[in-house]
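Scope of the values below: all heavy atoms of this structure, side chains included, with no hydrogens, waters or symmetry mates. Owing to the predicted nature of the structure, the values given are computational and were not obtained by experimental measurement.
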Amino acid sequence: MSKKSIEESVRESLHSYFRDLGGETPDGMYDMVVRLVERPLLEVVMSQADNNQSRAAEWLGLNRNTLRKKLVEHKLL
């Protein structure tokens, strides 16, 4: 079984997104992609870190307060 990289998965999803647009012009893609990737990233990292915000922040390379703000923004707290 071949393992697909995160980069490859994102690339395929973006190609699919453009196909689904059917020629329509996209708008606000950067914010959309960041929002859609950030939430599952936070969910998985928090789970792997046993909900330890300090550990998760360290793994993510974020300040703990920044992580907490993002968790609140995504309604994960």
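For CD1 of I6, the number of neighbouring non-hydrogen atoms (other residues, nucleotides, ligands) closer than 6.0 Å is 12 at most. Other residues, nucleotides and ligands contribute more than 12 heavy atoms inside 6.0 Å of the CG atom of D20. Taking a 6.0 Å sphere around CD of E58, one finds it holds 12 or fewer heavy atoms contributed by other residues, nucleotides or ligands.
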Determine, step by step, whether E73 and L42 satisfy the side-chain contact (heavy atoms from CB on, under 4.5 Å) criterion, reporting the C-alpha distance in whole Å, the side-chain angles of both residues, the deciding distance to 0.1 Å, and the verdict. CA-CA 11 Å; E73 285 173 5; L42 295 172; over 6 Å; no
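Here the CG atom belonging to L41 is positioned 7.5 Å from the CD atom belonging to E38, to the nearest 0.5 angstrom. Put simply, NZ on K69 and NE2 on H74 are 10.5 Å apart, with the number rounded to the nearest 0.5 Å.
One hydrophobic cluster, built from ILVMFWY side chains closer than 4.5 Å, cannot hold both V44 and V37; they sit in different ones. Linking ILVMFWY residues whenever their side-chain heavy atoms come closer than 4.5 Å, directly or via other members, leaves V10 and V34 in distinct clusters. Cluster annotation: V33 and L21 are assigned to the same hydrophobic cluster (Ile/Leu/Val/Met/Phe/Trp/Tyr, side-chain heavy-atom contacts under 4.5 Å, transitive).
The closest side-chain heavy-atom distance from L77 to Q53 is below 4.5 Å. Side-chain contact between L76 and M46 is absent, with no heavy-atom pair separated by less than 4.5 Å. No side-chain heavy atom of L60 sits under 4.5 Å from any side-chain heavy atom of T66.
E8 approaches S5 most closely through the heavy-atom pair OE1-N, 2.8 Å.
Counting only distance, with no hydrogens or angles, the side chain of S47 and the backbone of E43 share no donor-acceptor pair below 3.5 Å. A donor-acceptor distance shorter than 3.5 angstrom exists from the side chain of N63 to the backbone of N65, with no hydrogens or angles considered. When atom types are taken as modelled, the side chain of R55 and the backbone of A49 share a donor-acceptor pair closer than 3.5 angstrom.
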